[in-house]
Asker: 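Below: one structure in structure tokens.
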Amino acid sequence: MMKGKCFFALIALLSSMSAHAQMDVATYNKDRHQLVNYHADCNGNLESISIVDNDMTTIMLNVDGTAQSVVNSLATMEFEYDDNELGAKYTVDGQLLSRHVYHLDQDVDFKKFKQEYLMYKGQLNTLEEMDKFLSQGGAKLIYDITNHTLNMMQNPIKTCYEVLTQNPYEDGKTEIVSAENLKEIITDGSSVEDVVKEFTIGYIFEHYNDWTADWASTVYKWQMQHRERQKNLNEQVQGWREGIKEKVLRNETTIEEATKKIAEIEKNRQSYKKLYAGFGQDVAVEIKENENGEEEITYKVVEKDDRSAEARNAPSNGEINKMTDVVKQFTERTKYGRLDYVTIIYYTPSCGQEEWTYSLENGKLVLKSHHGSSGEGKRDYPFYRIWLDYSNDVNPNVWGAVQVQLWVSPGGTILNTYTIDCRGKQSDYMQGKLPSKTAGDQWFMIERY
């Protein structure tokens with residue numbers, strides 16, 4: 001059992017009838033100058049853990065011990081669990097990124113952590129149970145499951161939460177904050193050189209250094225307020241975070257110099273989307289059996305793709321049958337004249353091209369040539385472009401011809417049409433008047449089809 005049974009500011013002590021009241025327990029590690037506050041709800045479930053040193057990292061928890069959110073001054077991470085999927089949103093310096101982990105129910109470690117927490121679920125409403133939880137590794141279990149959840153993201157997101165790699169309770173070094181050791185802890189904490197004393201552990205010890213029956217609960221309320229402040233700051237681009245504001249207030253630099261410096265910082269600021277490249281991707285849990293018959297878990301990145309299924313499944317080489325079906329819709333357009341030549345070009349996913357040309361013989365399209373060229377890079381939306389050339393032998397009194405251009409998806413959907421109609425009277429042509437009527441947009445941008 002842990003020493004210090006007189007838990008500091010334990011709400012349960014306020015009344016013999018309050019066995020199921022919310023309660024707050026604080027621990028302090030002198031070597032780390034680290035205060036950890038544990039808050040349990042009225043149902044005996046751990047609701048939050050706040051770790052305070054030179055920063056404050058707060059883990060909000062679900063009833064099964066899984067992380068609902070992790071927040072500090074660097075980043076905000078929020079999780080949503082839906083059956084066997086995990087959704088994550090990450091906000092830092094005003095930028096929001098997201099990711100999903102699929103097949104979460106197949107992650108044996110994740111299930112193991114949750115199973116281990118069941119022995120504490122709904123039980124943290126007495127001194128004895130909270131003592132057992134802290135001394136037997138319950139707090140470390142919460143760190144472990146939260147850290148494991150971050151590891152599943154396959155990205156250096158967890159670098160913002162380095163504190164989670166520690167054991168929150170070190171035997172012989174971590175003390176429960178009690179009436180007996182309060183003065184010593186406050187004196188030690190107040191002597192720490194705290195560069196951000198206004199907001200972290202220095203603030204707590206300076207402002208809550210008078211004994212009250214609900215000290216830990218008062219700290220908990222402050223922590224929840226500060227957590228909201230951290231979240232709000234993470235949603236903003238904070239050029240002042242480089243410490244320039246303090247220099248201005250101490251008259252160490254001028255407003256003009258500070259403004260110039262901020263502009264320089266913003267110009268050279270590394271994009272968090274680049275720093276955490278790939279966080280927009282999704283992850284799938286895969287389990288394979290090794291040669292020893294043991295299960296091995298890997299997290300495979302799933303490319304995030306918002307394109308339509310047709311765009312994603314576009315063939316690497318052109319498929320011509322669907323395009324000839326499209327052409328057949330235009331073979332009987334006698335108002336344009338007689339279809340004479342057809343050219344079909346497929347703009348491949350690899351930025352290459354494949355081309356077919358046809359002529360009409362005895363009422364049928366006959367392939368005259370077919371060739372392709374390779375390309376480098378990637379085309380997000382492969383498509384076909386078709387030229388239909390009509391000869392004007394229907395009405396001898398009309399000169400000129402018509403061309404119809406089509407943009408077509410790989411599935412055969414006509415995305416756009418453009419018509420050039422140069423038909424006119426013989427006298428117009430003889431006088432150099434070359435009539436041209438157009439319909440449609442020749443410069444068509446392939447959008448998500």
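Just so it is clear, the values below take in all heavy atoms, side chains as well, and ignore hydrogens, waters and symmetry mates.
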Asker: Run the side-chain contact (heavy atoms from CB on, under 4.5 Å) test on I297 and Q106 for me, step by step, so that the C-alpha distance in whole Å, both residues' side-chain angles and the decisive distance to 0.1 Å come before the verdict.
Answerer: CA-CA 9 Å; I297 298 180; Q106 297 184 34; over 6 Å; no
Asker: I'd like to know if the side chain of K111 and the backbone of D105 have a donor-acceptor N/O pair within less than 3.5 Å.
Answerer: yes
Asker: Quick one: do Y169 and V36 satisfy side-chain contact (heavy atoms from CB on, under 4.5 Å)? Show the steps, please.
Answerer: CA-CA 9 Å; Y169 177 78; V36 183; over 6 Å; no
Asker: Are the side chains of M152 and H148 in contact, using a 4.5 Å heavy-atom criterion?
Answerer: yes
Asker: Are S69 and R227 linked by a side-chain donor-acceptor pair shorter than 3.5 Å?
Answerer: yes
Asker: Distance from Y38 atom OH to I51 atom CD1, nearest 0.5 Å?
Answerer: 7.5 Å
Asker: Provide the closest heavy-atom pair for V326 versus G412 in the form atom of the first, atom of the second, distance.
Answerer: CG2-O, 3.8 Å
Asker: Are side-chain heavy atoms of I420 and Q405 found at a separation under 4.5 Å?
Answerer: yes
Asker: I want to check something: taking the side chain as every heavy atom from C-beta on, are T66 and Y81 in contact at a cut-off of under 4.5 Å?
Answerer: yes
Asker: Judged by atom type as modelled, is there a donor-acceptor pair below 3.5 Å linking the side chain of D282 to the main-chain atoms of H100?
Answerer: yes
Asker: Grab the two heavy atoms, one from R32 and one from D53, that are nearest each other, plus how far apart they are.
Answerer: O-CB, 4.5 Å
Asker: So, does Y384 use its side chain to make a donor-acceptor pair with the main chain of E319 at under 3.5 Å?
Answerer: yes
Asker: To the nearest 0.5 Å, how far apart are CG in L35 and CD in Q223?
Answerer: 6.5 Å
Asker: Could you check whether Q22 and E47, counting side-chain N and O atoms only, form a donor-acceptor pair closer than 3.5 Å?
Answerer: no
Asker: Is it the case that more than 12 heavy atoms not belonging to K112 sit under 6.0 Å from its NZ atom?
Answerer: yes
Asker: What's the separation between atom OH in Y358 and atom NE2 in H370, rounded to the nearest 0.5 Å?
Answerer: 8.0 Å
Asker: Does CD belonging to Q442 count more than 12 external heavy atoms closer than 6.0 Å?
Answerer: yes
Asker: Has R312 got a side-chain atom pairing as donor or acceptor with R307's backbone, closer than 3.5 angstrom?
Answerer: yes
Asker: Between S217 and D24, does any side-chain donor sit less than 3.5 Å from a side-chain acceptor?
Answerer: yes
Asker: State, yes or no, whether a side-chain contact exists between H33 and Y28 at a heavy-atom distance under 4.5 Å.
Answerer: yes
Asker: Between N147 and K158, does any side-chain donor sit less than 3.5 Å from a side-chain acceptor?
Answerer: no
Asker: Distance only, no hydrogens: is a donor on one side chain within 3.5 Å (strictly under) of an acceptor on the other, for D55 and S73?
Answerer: yes
Asker: Please work out whether the ring planes of Y220 and H39 are parallel, tilted or perpendicular, with thresholds of 30° and 60°.
Answerer: parallel
Asker: Inspect the surroundings of CD in Q236 and state if more than 12 heavy atoms from other residues, nucleotides or ligands are less than 6.0 Å away.
Answerer: yes
Asker: Nearest 0.5 angstrom please: I59 CD1 to M77 CE, how far?
Answerer: 12.5 Å
Asker: Using side-chain contact (heavy atoms from CB on, under 4.5 Å), reason through F113 and T146 one step at a time and then give a plain yes or no.
Answerer: CA-CA 10 Å; F113 287 133; T146 304; over 6 Å; no
Asker: Could you report the tightest heavy-atom contact between G65 and I145, atom names first, then the distance?
Answerer: O-CG2, 3.5 Å
Asker: For F133 and Y117, take the angle between the two ring planes, folded into 0 to 90°, and tell me which bin it lands in: parallel under 30, tilted 30 to 60, perpendicular over 60.
Answerer: perpendicular
Asker: For N234, which of T76, D93, T91 qualifies under side-chain hydrogen bond (donor to acceptor under 3.5 Å, both in side chains)?
Answerer: T76
Asker: Can you tell me if N45 uses its side chain to pair, donor with acceptor, with the backbone of G122 under 3.5 Å?
Answerer: yes
Asker: Give a yes or no on whether the backbone of M56 and the side-chain of Q230 come within a donor-acceptor separation of less than 3.5 Å.
Answerer: yes
Asker: Which word best sums up how the rings of W222 and H226 line up, parallel for under 30°, tilted for 30 to 60°, or perpendicular for over 60°?
Answerer: parallel
Asker: Side chains of D107 and Y299: is there a donor and an acceptor less than 3.5 Å apart?
Answerer: yes
Asker: Check M60 against S48 and note the closest heavy-atom contact, atom names and distance.
Answerer: SD-CB, 3.6 Å
Asker: With a 4.5 Å cut-off on side-chain heavy atoms, are R229 and L233 touching?
Answerer: yes
Asker: Show the nearest heavy-atom pair for residues Y346 and S316, with the distance to one decimal.
Answerer: CE2-O, 4.0 Å
Asker: Does the side-chain contact (heavy atoms from CB on, under 4.5 Å) test come out yes or no for L86 and F79, once each step is laid out?
Answerer: CA-CA 7 Å; L86 166 64; F79 306 98; 3.8 Å; yes
Asker: Verify, without hydrogens or angle tests, whether T253 (side chain) and E257 (backbone) share a donor-acceptor contact under 3.5 angstrom.
Answerer: no
Asker: Is the backbone of N43 close enough, under 3.5 Å, to the side chain of D41 for a donor and an acceptor to pair up by distance?
Answerer: yes
Asker: For atom CD of E80, is the number of surrounding heavy atoms from other residues, nucleotides or ligands below 6.0 Å larger than 12?
Answerer: no
Asker: Distance only, no hydrogens: is a donor on one side chain within 3.5 Å (strictly under) of an acceptor on the other, for E296 and N290?
Answerer: yes
Asker: Within a strict 4.5 Å, meaning less than it, do heavy atoms of the V70 and Y90 side chains meet?
Answerer: no
Asker: With distance as the sole criterion, is a donor-acceptor pair present between the side chains of E355 and Q353 under 3.5 Å?
Answerer: no
Asker: What distance separates I344 CD1 from L365 CG, expressed to the nearest 0.5 Å?
Answerer: 8.0 Å
Asker: Going by heavy atoms in the side chains, are M224 and S50 under 4.5 Å from each other?
Answerer: yes
Asker: With salt bridge (charged side-chain N to carboxylate O under 4.0 Å, His left out) as the test, would you mind laying out the steps for K140 and D144 before giving the verdict?
Answerer: CA-CA 6 Å; K140 183 177 185 302; D144 288 343; 3.0 Å; yes
Asker: Write down the atom of P349, the atom of P315, and the distance for their closest heavy-atom approach.
Answerer: CD-O, 3.4 Å
Asker: Cut-off 3.5 Å, side chains only: do Y161 and N72 have a donor facing an acceptor?
Answerer: no
Asker: Can you find a pair of side-chain heavy atoms, one from K221 and one from T218, that are under 4.5 Å apart?
Answerer: no
Asker: Look up atom CD1 in I176 and atom CG in L134, then write down how far apart they are to the nearest 0.5 Å.
Answerer: 5.0 Å
